[in-house]
Amino acid sequence: MKIVREDTVRPNTGWFAEVSKGQIVRIAGRSVIDVVAFKRGDPAEFFDVARTRIYNLNIYPTKGHRLFSKQNNPMMRMVADGFAGAGHHDLQSPHGCPQLMLGVLKPLGIAAENLPDPLGLFRHMAIEQKTGRMTPTPRAIAAPATIDLEAEIDVVVALVNCPDAKTSPPGADAVVTVLAP
Amino acid sequence: MRIVKDEVTPRNTGWAAEMRAGQLLRLTARTIIDFVAFDRHNFADPFDQAPTKEANGCLYLKRGHVVLSRSGRPLMTMLVDGFEGLGTHDLQFGMCGRSRHARAKEEGRLNEYLHANVTLPDHGCAENLTGACAPWGIPYEDIPSPINLFQNMAIDQKTGRMSRTQIRPESPVPVDLRAEADLLVAFSACPDVASKTGGLEVRATIYDS
């Protein structure tokens with residue numbers, strides 16, 4: 001695949017890009033990265049954590065799972081999960097850095113009331129099945145892990161590197177690459 | 001406590017009402033209810049599953065838990081939970097409805113609704129809640145993912161796998177939610193195709209404090 005663009009996203013900064021169907025967003029990181037996505041040209045169709053959990057019938061997003069919109073359509077598919085085995089990504093929590101994300105989304109005209117809850121990459125939560133207790137439990141990894149998200153439709157993807165002390169391993173640069181077939 | 005409103009909502013239909021801070025909503029049922037709430041003075045600040053789970057530190061909604069808005073404001077508190085000890089209320093699901101059913105059928109996954117031979121209704125909670133919220137001008141995309149009362153899910157903490165269960169109250173039991181702000185509340189009496197009985201009616205009673 002050829003590299004369309006490659007950017008370093010430092011802790012407490014964000015990134016967005018238009019990503020076409022078939023392209024892959026490769027995120028190599030270690031600290032919590034909150035991700036949202038919108039259908040390109042129609043931001044009223046957006047990534048939705050509940051439809052994603054139910055479609056996959058799973059609360060831990062990982063390789064092979066699809067990211068769904070609120071209208072129950074596929075948006076992206078996780079085709080690689082380098083964090084598997086070390087920890088789980090999160091589909092339960094609100095944004096760790098909402099103001100930062102809203103700043104990233106401002107050029108797209110997305111206001112606070114239209115901000116969907118995020119996919120929290122590297123946000124490991126300890127979950128107790130019986131009581132339902134959820135406890136943020138950061139899982140530090142020795143080297144950046146790579147997560148690949150393949151676009152199933154034309155999308156706008158936005159993310160922020162959000163190393164909150166309670167939920168994330170220490171802040172580390174993330175490298176975000178868009179790859180075309 | 002004085003009864004302000006007392007209504008029975010039939011299976012697979014919707015209901016909505018305004019409430020004042022301090023009033024109590026009692027939902028009495030033995031079937032799944034997809035329930036949402038909005039700040040009545042700011043519909044852009046509706047109930048949100050994520051801050052609610054974070055604040056309560058819990059995947060499920062239980063007695064004593066707060067129900068928070070998208071911006072983190074307390075909207076309601078669960079004071080009574082007639083389902084306690086039998087099952088838990090779900091904060092994972094979206095809503096059933098036409099597009100969800102159509103996709104399950106297209107992918108041959110209807111068996112995940114438990115009754116493989118069940119006839120799926122042509123509408124569900126998505127359509128019921130959209131209809132119930134329409135008089136307030138709130139479209140589908142602005143209706144949050146609900147609290148799924150009486151929807152007991154089996155969640156495997158190791159694999160994350162979720163499956164529906166058929167655990168429901170034997171007879172109607174109450175869930176009491178106190179309004180902590182002026183609210184618009186709405187629900188769908190779910191068609192609940194996963195249960196043995198199918199969806200059943202829901203009684204909603206609002207009490208003055």
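Numbered from 1 within each chain, the chains take letters A, B, ... in sequence-line order.
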Strictly below 4.0 Å, N to O, side chains only: are A:Arg123 and B:Glu54 in salt-bridge contact?
no
Quick check on A:Phe68 against chain B: is it the side chain, the backbone, both or neither that has a heavy atom closer than 4.5 Å?
side chain
Which is it for B:Arg164 and A:Leu57 under the side chain to side chain contact (heavy atoms under 4.5 Å, CB included) test, yes or no, and what are the steps along the way?
CA-CA 9 Å; B:Arg164 294 169 175 81; A:Leu57 281 177; 4.0 Å; yes
For chain A, the option from B:Ala126, B:Gly57, B:Pro46, B:Ser145 that forms the most heavy-atom pairs under 4.5 Å:
B:Gly57
If we ignore hydrogens and angles and just use 3.5 Å, is the side chain of B:Arg103 paired with the main-chain N or O of A:Asn73 as donor and acceptor?
no
So does B:Arg40 have more than 12 non-hydrogen atoms from other groups sitting under 6.0 Å from CZ?
yes
What residue, out of A:Arg133, A:Arg53, A:Arg51, has the most heavy-atom pairs lying under 4.5 Å from chain B?
A:Arg53
Within a radius of less than 6.0 Å around CZ of A:Arg5, do more than 12 heavy atoms belonging to other residues, nucleotides or ligands occur?
yes
Side chain from CB out, backbone as N, CA, C, O: work out which of these in A:Ala111 comes under 4.5 Å of a heavy atom of chain B, or both, or neither.
neither
Side chain, backbone, both or neither: which part of B:Asn42 has an atom under 4.5 Å from a heavy atom of chain A?
neither
Contact origin within B:Lys62 toward chain A - heavy atom pairs under 4.5 Å
side chain
To check you understand the geometry: which heavy-atom pair defines the closest contact between B:Phe93 and A:Ile54, and what is its length?
CD1-CD1, 3.1 Å
B:Tyr140 side chain to A:Lys70 main-chain N or O, any donor-acceptor pair under 3.5 Å?
yes
Quick one: what part of B:Met95 sits under 4.5 Å from any heavy atom of chain A, side chain, backbone, both or neither?
both
So with a 6.0 Å cut-off around CD of B:Glu107, is the heavy-atom count from everything else above 12?
yes
Among A:Asn56, A:Asp48, A:Ile127, A:Asn114, which residue forms the greatest number of heavy-atom pairs with chain B at distances under 4.5 Å?
A:Ile127
Using non-hydrogen atoms only, which part of A:Thr131 is less than 4.5 Å away from chain B: side chain, backbone, both, or neither?
both
What part of A:His95 is in contact with chain B, defined as an atom under 4.5 angstrom from a non-hydrogen atom: side chain, backbone, both or neither?
neither
Are B:Asp142 and A:Glu113 packed together at the side-chain level, in the sense that at least one heavy-atom pair is separated by less than 4.5 angstrom?
no
Indicate yes or no for a side-chain donor-acceptor contact from B:Tyr60 to the backbone of A:Lys130 under 3.5 Å, with no hydrogens or angles considered.
no
Provide the closest heavy-atom pair for B:Gln49 versus A:Ala50 in the form atom of the first, atom of the second, distance.
OE1-CB, 4.0 Å
Restricting to non-hydrogen atoms, name the atom on B:Lys158 and the atom on A:His88 that form the minimum distance, rounded to 0.1 Å.
O-NE2, 3.7 Å
Please look at B:Thr88 and chain A and tell me whether the side chain, the backbone, both or neither of the residue comes under 4.5 angstrom of a heavy atom of that chain.
neither
Residue pair B:Met162 / A:Asn58: nearest heavy atoms and the distance that separates them:
CE-N, 3.8 Å
